[in-house]
Structures are given as structure tokens and as C-alpha cells.
Undergrad: 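Pasting a structure below so you can have a look.
Both ligands and their constituent atoms are indexed starting at 1 by order of listing. All residue numbers refer to positions in the sequence shown, counting from 1. Atom set for the values below is all heavy atoms of this structure, side chains included, hydrogens, waters and symmetry mates excluded.
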Amino acid sequence: MPTTPPCARRLDRAATRALDRLAEAAEVLVPVECAVCRAPGTALCRPCRLLLRRSCTRPFEASSAAPLLDPPLPVTAAGRYAHELAGCLLAFKNAGRTDLTPVLAACLATALRSAAPSWPPGPVLLVPVPTAPSALRRRWFDPVRVLLEDCARRGVLPAGTTVDRHLRHRGATGLRPGPAQKRLGRAGRRTRPAGSLRATAPAGARCVVVDDVLTTGATLAEAARALRAGGAEVVGAVVLAAVRPPAVPLTADSLPARPEAGEYPL
Ligand SMILES: [Zn+2]
């Protein structure tokens with residue numbers, strides 16, 4: 001058995017120390033903190049992680065809280081857009097906290113597996129709603145697609161499903177893209193024009209639309225319209241978070257003007 005020369009061991013120890021110092025320096029330059037409570041040293045501290053998991057253990061049917069989802073479409077939400085789930089989602093999307101991908105993907109996978117028994121048997125395409133081109137330039141990644149692809153890598157998608165990017169913003173073809181949903185305001189969400197998305201799913205394909213947050217349902221309605229226009233069948237939708245549980249239905253005129261306690265801005 002060959003032995004490591006003393007000089008090699010010294011080099012190895014030096015390299016380890018150097019890596020440790022680099023890690024410490026990186027921690028100083030870019031301090032890691034809990035995305036929810038800002039506890040230092042971790043992407044999501046144990047208490048917040050447990051609360052997040054608890055908030056997503058019972059996915060629920062959320063379409064009744066989406067007044068613009070017309071025609072109706074079954075929508076399963078992993079949890080309510082509040083507290084730990086909203087905090088993590090905002091940090092993930094707007095602060096580039098991609099270190100939260102595994103925990104959010106786990107929540108989405110729970111919702112997908114909860115909804116899957118209601119879908120018709122056979123192959124189903126999971127189609128993420130794409131980020132608007134302007135938001136994509138700002139945040140350099142497509143949040144829903146990243147979460148779905150993480151689920152696929154970990155093998156936690158429902159059996160018979162595959163992730164396919166069959167939706168595109170028309171901005172990509174030179175037409176004017178619609179403004180980001182969260183900047184539209186209540187009036188804009190009511191009047192978001194149809195036609196902002198185009199679909200490339202094959203005719204006859206069974207599709208489930210996947211999005212991050214369900215507000216009025218206008219985005220899911222537009223996604224379903226685009227897919228159906230190309231001949232695909234839309235059998236449902238799954239979202240990571242819904243602004244209201246089904247026990248508190250919303251109308252288009254009753255969206256809150258400001259977040260309530262425990263809620264986050266959209
Ligand atoms: Zn925390």
C-alpha cells in the first residue's frame with residue numbers, strides 16, 4: 001500500500017485550509033441567511049423549514065378563489081400564499097435565492113402528486129407558465145421551469161408525466177408582451193388580454209398547466225386558451241401557492257388593496 005509523502009499531506013492540509021478560508025470569505029461577502037426569518041448561516045432554518053413543510057402537506061382545490069378562470073379548470077395549490085411559503089417564493093423569484101429550489105420543488109411535487117389521481121390515465125405533459133421576457137432578463141431564470149426540472153431530476157414527478165416547455169410569450173416572436181401580472185394591479189388583472197401566450201403542444205396532448213402563484217386565474221386561463229387553441233387538452237392546473245384558501249372565495253372586485261397580516265405582496 002503506497003503511503004502519501006509528508007509534503008503531499010502538507011499540501012493537502014494547506015489546500016483544505018485555503019478552501020475553508022475561501023468559504024469563510026464568501027460567507028462574509030455574501031452572507032447566507034434564512035429566507036424567512038433571516039437567521040444567519042442557512043438558506044432556510046430548521047423552524048422555518050418545518051413550518052414550510054407543514055403549510056404544504058395538504059394541497060387544496062383553489063379554482064373557486066380565481067374569478068377570472070373562465071372556463072373553469074381544476075386547480076390544485078400546494079399551499080396558501082402567506083408566511084413561510086410566500087417568503088421563500090419571493091426570495092427565490094426576486095432575490096435569486098436558487099438555494100431554495102429543493103424545498104420549493106418538494107412543495108410543488110406534493111401538489112402534483114396530490115392532483116395526479118384526478119387526471120385521465122395516460123401520458124400527461126406538465127407545462128410551466130413561462131416568465132415574461134422582461135422579468136426573465138431581470139432575474140435570469142424561469143422559476144416554475146426550474147422547480148419542475150428539479151422535481152424531474154429527483155424523480156418525484158407523478159408517474160406518466162414529463163415536463164415540456166410548450167408555452168411561449170408572444171414577445172418572443174416580436175409581438176408586444178403583456179405586462180407582468182403582479183404589476184397590472186386589480187384593474188389590469190381583470191382586463192389582461194387573451195393572446196399573450198402561444199403554445200406548441202401537439203394536438204391531442206393532455207396537458208397540466210403549472211404556475212407559481214394563483215391570483216385571479218387570468219394567467220392560467222390564458223395558458224389554457226393557448227394550449228387548447230393548438231388542439232391540446234388541458235386537464236388541470238397546479239400552482240405552488242394560492243392567494244386564498246377555498247374557504248375564502250374572492251371575486252374580481254374583492255382583491256385586497258394591501259396585504260393582510262401574514263400575507264406578502266404579489
Ligand atoms: Zn428561519
Undergrad: Answer yes or no: is there a donor N or O on one side and an acceptor on the other, between the side chain of E222 and the main chain of L197, under 3.5 Å?
TA: yes

Undergrad: So what's near the Zn ion (ligand 1), protein N, O or S atoms under 2.8 Å?
TA: C34 SG, C37 SG, C45 SG, C48 SG

Undergrad: Any side-chain heavy-atom pair from V127 and L167 closer than 4.5 angstrom?
TA: yes

Undergrad: Going by the salt bridge (charged side-chain N to carboxylate O under 4.0 Å, His left out) test, which pairs reach into residues 199-221, not counting sequence neighbours?
TA: K93-D212, R206-E233

Undergrad: Testing the basics here: between L104 and L240, what is the closest heavy-atom pair and its distance to 0.1 Å?
TA: O-CD1, 3.7 Å

Undergrad: Show the nearest heavy-atom pair for residues A111 and P59, with the distance to one decimal.
TA: CA-CG, 3.8 Å

Undergrad: Does any part of the side chain of L125, heavy atoms only, come nearer than 4.5 Å to the side chain of T161, both counted from C-beta?
TA: no

